[in-house]
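All remarks here apply to the structure that follows.
Order of the sequence lines fixes the chain letters, A, B, ..., with proteins taken first and strands second; residue numbering starts at 1 for each chain. All values below were derived from every heavy atom in this structure, side-chain atoms included, with hydrogens, water molecules and symmetry-related copies excluded.
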Protein chains: 2
Amino acid sequence: MQPAPAKVSFKEQMLQAREHAILRSACDLLGEKSFDAMTMDDVAGKVGIAKASLYKHFGSKEELCSAAMVEVLSAAQTYLTSLEPSLPAVDKLRAVVRWSLQRLLAQEMPLLPSRNSTLRSVLMANKCYADGVIQVSDIIGEWITEAQAEGVIDPDLPPIGVLYTLYARACDPVVSFLKDSALYQDEEIVDLVLRTCFDGLRAR
Amino acid sequence: MQPAPAKVSFKEQMLQAREHAILRSACDLLGEKSFDAMTMDDVAGKVGIAKASLYKHFGSKEELCSAAMVEVLSAAQTYLTSLEPSLPAVDKLRAVVRWSLQRLLAQEMPLLPSRNSTLRSVLMANKCYADGVIQVSDIIGEWITEAQAEGVIDPDLPPIGVLYTLYARACDPVVSFLKDSALYQDEEIVDLVLRTCFDGLRAR
DNA sequence: GTCTATAGATAGATAGAC
DNA sequence: GTCTATCTATCTATAGAC
């Protein structure tokens with residue numbers, strides 16, 4: 001009565017697929033509302049399973065949402081490393097911001113945990129997340145100093161300020177303001193935010 | 001046994017002072033956490049009165065927070081009209097953003113109701129708030145078109161995009177990121193955000 | 001108008017059958 | 001592992017004494 005290895009693998013695949021669906025739903029919901037406003041009933045309803053089942057996969061609401069954030073971070077890392085290394089540094093920076101804005105428009109980007117969230121302290125205690133943030137920051141930070149050495153990004157700006165300014169685009173309310181106005185296509189919104197971010201509001 | 005008019009006025013003054021203290025506490029708390037995370041116990045504790053007393057002044061949590069937001073908006077309107085009309089339009093725009101950033105740093109600025117808040121729909125149904133937003137937008141919008149006509153603000157940008165970009169600075173997470181890093185003075189943070197907002201990240 | 005006490009609703013999390 | 005049913009805590013809001 002030994003189960004075939006393929007069967008075990010299949011069961012594990014199902015489990016992983018289910019967990020991925022849960023994370024995906026949590027991610028979407030965190031894009032719509034705050035961690036505090038989101039409920040486990042919301043998640044269960046969206047996935048289509050009972051709330052109690054969620055707790056077989058994740059120990060708590062905090063664990064579930066942390067896992068969702070780690071997955072987003074992982075997707076960002078994958079995108080970063082997929083970029084052609086020979087591209088000019090500033091182009092890579094633009095590409096990353098563009099990627100963030102597109103995910104934000106697709107409502108697949110949980111709003112970054114500013115102080116306006118109970119999730120923040122939990123996330124910062126999560127080693128997976130904290131390490132991921134450091135890795136991403138190292139890669140982007142290198143591109144920033146590179147672009148500043150080339151004189152493309154303003155060398156007078158502190159690199160950490162540039163980094164945070166780029167991060168902040170991933171939860172810029174301008175995107176939802178413009179989206180709600182229904183005046184522009186998604187791609188136009190992305191272009192506008194990219195332009196004001198890199199070129200500023202003043203005429204050149 | 002007719003109470004002297006002065007006495008009535010005094011009582012009313014006390015009432016108004018108390019209500020102002022409540023609004024101020026709510027405002028501070030909304031700067032620290034989301035509407036959903038904030039509780040009426042928080043407010044009562046901060047003011048130093050019983051929770052039930054809050055409901056003698058404001059009918060609900062939504063009403064209280066709406067009133068707090070209206071007060072912030074009113075302060076913004078007062079600042080707008082206090083600006084010397086003869087100033088160049090772009091200077092007035094910079095001044096308004098600076099004012100927002102300073103209030104944000106002082107934690108006196110409730111984070112704007114993006115989609116990430118249950119408060120949003122309540123606020124938009126509040127005539128005082130909605131009218132205030134329109135008035136403020138009209139004033140700032142005029143300055144934007146003026147600055148664009150002068151060629152100081154990029155005339156190619158849609159005015160509504162410029163307006164939203166300026167509004168978004170009032171809840172820019174860059175401010176709290178930099179504040180938490182403890183690397184910079186408040187005034188340096190304000191200058192950095194103002195600079196990246198108007199001049200962009202790219203070197204000029 | 002302030003308080004204590006509590007009602008009523010809903011959240012996160014768990015128990016136990018299947 | 002999924003479900004239904006339930007526990008416990010907490011939050012908004014109210015009742016009623018003073």
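Closest to the side chain of A:D41, out of D:dC11, C:dG12, D:dG1, is C:dG12. Listed nucleotides D:dA13, D:dG1, C:dC3 differ in distance to B:A52; the shortest reach to its side chain belongs to C:dC3. Counting only heavy atoms from C-beta on, B:K56 has its side chain closest to C:dG1 among C:dG1, C:dT4, D:dT2. Checked against C:dG12, C:dT2, D:dC3, the side chain of A:K61 finds its nearest nucleotide in C:dG12.
The distance from the CD atom of A:E84 to the CG atom of A:D91 is 11.5 Å, given to the nearest 0.5 Å.
C:dG12 atom P lies 17 Å from atom NE2 of A:H57, rounded to whole Å. Look at CG on B:L54: it is 17 Å from C1' on D:dA15, rounded to the nearest Å. Rounded to a whole Å, the CZ atom of B:F58 is 16 Å from the C1' atom of D:dT12. Between A:E19 atom CD and D:dG1 atom C1' the separation is 11 Å, expressed in whole Å. Here C:dA13 presents its P atom at 10 Å from CE of A:M38, a figure rounded to the nearest Å. The distance between atom NZ of B:K51 and atom C1' of D:dC11, rounded to the nearest whole Å, is 6 Å. In this structure, CD1 of B:I49 is placed 14 Å from C1' of C:dT4, rounded to the nearest angstrom. Straight-line distance from the CG atom of A:L15 to the C1' atom of D:dG1: 9 Å, rounded to whole Å.
Of the side-chain N and O atoms in B:S53, one or more sit less than 4.0 angstrom from OP1 or OP2 of C:dC3. A close approach under 4.0 Å does occur between a side-chain nitrogen or oxygen of A:Y55 and OP1 or OP2 of C:dA13.
A:L104 and A:R169 make their closest contact through CD2-O, 3.9 Å (heavy atoms, listed as atom of the first residue, atom of the second, distance).
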Review point. Stepwise, does the side-chain contact (heavy atoms from CB on, under 4.5 Å) test hold for B:D191 with B:E187?
Key: CA-CA 6 Å; B:D191 287 339; B:E187 203 49 41; 4.1 Å; yes
Practice item. Please step through side-chain contact (heavy atoms from CB on, under 4.5 Å) for the pair A:V190 and A:R98, ending with a clear verdict. Key: CA-CA 7 Å; A:V190 171; A:R98 179 181 291 277; 3.6 Å; yes
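Each of B:V90, B:V96, B:L87 was compared with B:W143 under the side-chain contact (heavy atoms from CB on, under 4.5 Å) criterion, and only B:V96 meets it.
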